[in-house]
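These numbers were taken from a predicted model, which means no experiment stands behind them.
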Amino acid sequence: MTKIQPLPSSPCSISSSGDHQQGRQAYTLWMKSLVFNGNGCAVYGPDGAVAFRVDNYGCRGGREVLFMDRAGNALIRIRRKGFGMFRRWEVCRCAHDGGEGDEATPWFSVRRAEKGGAAAAMHDGAGTCYTMDGCSRKPEYRICDVDGTVVAEVARKQTAAGVVLGEDVLRLTVGPEVGHLLALGLVVVRGLMNGSM
């Protein structure tokens with residue numbers, strides 16, 4: 001499989017506490033599919049190897065995508081529902097391989113919010129739990145919890161020499177306050193909303 005060179009760890013702006021690196025993880029997202037003629041993205045872990053991949057196997061429009069581990073097992077399924085201002089993205093956890101006959105547990109849904117952001121509501125009835133701020137046309141944004149605490153940040157990736165890579169290569173830094181799969185799912189939905197996949 002494809003591998004990228006990991007960068008040395010650097011301080012992150014998510015938290016300013018002295019022990020702020022514990023529980024944090026950085027991922028590299030390449031907003032291109034690893035499958036020929038597919039639409040999706042690849043997620044690289046801190047070791048530089050492919051950790052997850054997202055694909056819809058050539059279906060145009062991004063109406064449904066599968067979020068898979070490196071072995072190809074579906075972890076979550078994302079479907080676009082509704083039209084126009086009523087459009088939302090429904091995210092379900094997959095029980096097995098993500099096929100139509102397999103059980104999928106509703107997890108959360110995402111809707112557009114004002115000023116180009118998005119709001120995510122968990123299906124356990126807790127209401128809006130996470131927001132994604134920032135202009136929808138820019139790759140840099142933050143994911144905040146209901147209290148406004150930044151739990152993850154997305155920015156364009158930089159090389160060790162400080163060269164900023166293209167807008168399709170992103171760095172996601174996830175704090176310990178949120179599950180990594182949840183943060184990755186939110187970033188994938190944001191990519192679908194913006195048409196960057």
Side-chain angles (χ1 to χ4, degrees), residues 14 25 27 29 31 33 38-43 51-69 73-154 170 172-197:
I14 289 180
Q25 197 157 1
Y27 295 95
L29 287 89
M31 303 306 275
S33 175
N39 296 306
C41 69
V43 180
F52 304 100
R53 64 188 180 92
V54 178
D55 242 303
N56 65 358
Y57 297 106
C59 300
R60 290 312 247 165
R63 193 169 293 281
E64 178 178 353
V65 298
L66 294 173
F67 187 99
M68 299 168 274
D69 63 12
N73 301 312
L75 302 175
I76 59 178
R77 182 173 56 213
I78 303 168
R79 286 186 174 159
R80 186 178 70 204
K81 304 268 185 149
F83 296 98
M85 62 185 284
F86 300 106
R87 184 175 293 168
R88 70 187 186 286
W89 283 260
E90 294 288 335
V91 181
C92 298
R93 287 182 183 230
C94 296
H96 299 291
D97 64 0
E100 287 297 320
D102 292 332
E103 291 181 33
T105 307
W107 193 10
F108 63 91
S109 63
V110 180
R111 293 181 184 271
R112 288 191 189 276
E114 55 190 50
K115 298 183 182 177
M122 305 305 286
H123 280 287
D124 59 8
T128 299
C129 295
Y130 296 97
T131 58
M132 291 176 273
D133 66 359
C135 177
S136 62
R137 305 225 186 271
K138 293 185 179 178
E140 293 88 12
Y141 57 92
R142 298 174 302 169
I143 299 173
C144 302
D145 64 11
V146 71
D147 299 323
T149 305
V150 177
V151 295
E153 289 182 312
V154 177
L170 306 175
L172 167 66
T173 306
V174 183
E177 306 87 357
V178 66
H180 295 191
L181 191 59
L182 174 62
L184 286 162
L186 289 169
V187 171
V188 169
V189 171
R190 174 78 177 220
L192 292 168
M193 291 172 78
N194 300 341
S196 58
M197 293 197 320

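Ring pair Tyr27/His180 is perpendicular by interplanar angle, where above 60° counts as perpendicular and below 30° as parallel.
Contact between Cys92 and Pro106 at its shortest, heavy atoms only, is SG-CA, 3.8 Å. Closest non-hydrogen pair, Phe67 versus Val54, comes out as CD1-CG2, 3.3 Å. The two atoms that bring Ala118 and Met193 nearest to each other are CB-CE, 3.8 Å, heavy atoms only. Between Arg190 and Gly117, the shortest heavy-atom contact is NH1-CA, 3.9 Å. The shortest non-hydrogen separation linking Leu172 to Ala152 is CD1-CB, 4.0 Å. Closest of all the heavy-atom pairs between Val110 and Ala120 is CG2-CB, 4.0 Å.
Taken to the nearest 0.5 Å, the CG atom of Leu66 stands 7.5 Å off from the CZ atom of Arg77. Distance CG/Leu170 to OH/Tyr141: 7.0 Å, rounded to 0.5 Å. To the nearest 0.5 Å, atoms CZ (Arg80) and CG (Leu192) are separated by 8.5 Å. Atom CD1 of Ile143 is separated from atom OG1 of Thr173 by 10.5 Å, given to the nearest 0.5 angstrom. In this structure, CD on Gln25 lies 9.0 Å from CG on Leu184, to the nearest 0.5 angstrom.
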message: Set out, in order, the CA-CA distance, both residues' side-chain angles and the distance that settles side-chain contact (heavy atoms from CB on, under 4.5 Å) for Val187 and Leu29, then state yes or no.
response: CA-CA 9 Å; Val187 171; Leu29 287 89; 3.5 Å; yes

Steps toward side-chain contact (heavy atoms from CB on, under 4.5 Å) verdict (Leu181, Trp107): CA-CA 11 Å; Leu181 191 59; Trp107 193 10; 4.1 Å; yes

query: Would Val150 and Cys144 count as a side-chain contact (heavy atoms from CB on, under 4.5 Å) if you check the C-alpha gap in whole Å, the side-chain angles of each, and the deciding distance to 0.1 Å?
result: CA-CA 4 Å; Val150 177; Cys144 302; 3.9 Å; yes

message: The test is side-chain contact (heavy atoms from CB on, under 4.5 Å); show your working for Val178 and Asp145 and say whether it passes.
response: CA-CA 9 Å; Val178 66; Asp145 64 11; over 6 Å; no

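Distance alone, capped at 3.5 Å, places no donor-acceptor pair between the Arg87 side chain and the Arg112 backbone.
Electrostatic pairing of Arg79 and Glu64 counts as a salt bridge here, judged by a charged N lying under 4.0 Å from a carboxylate O.
Each of Asp133, Thr149, Val151, Thr131 was scored for a side chain to side chain contact (heavy atoms under 4.5 Å, CB included) with Arg142, with one residue passing: Asp133.
Remark: Asp69 engages Asn73 in a side chain to side chain donor-acceptor pair (under 3.5 Å) (not counting sequence neighbours). For Phe108, the ring pair (Phe, Tyr, Trp, His ring centres under 6.0 Å) test picks out no residue, with sequence neighbours left out.
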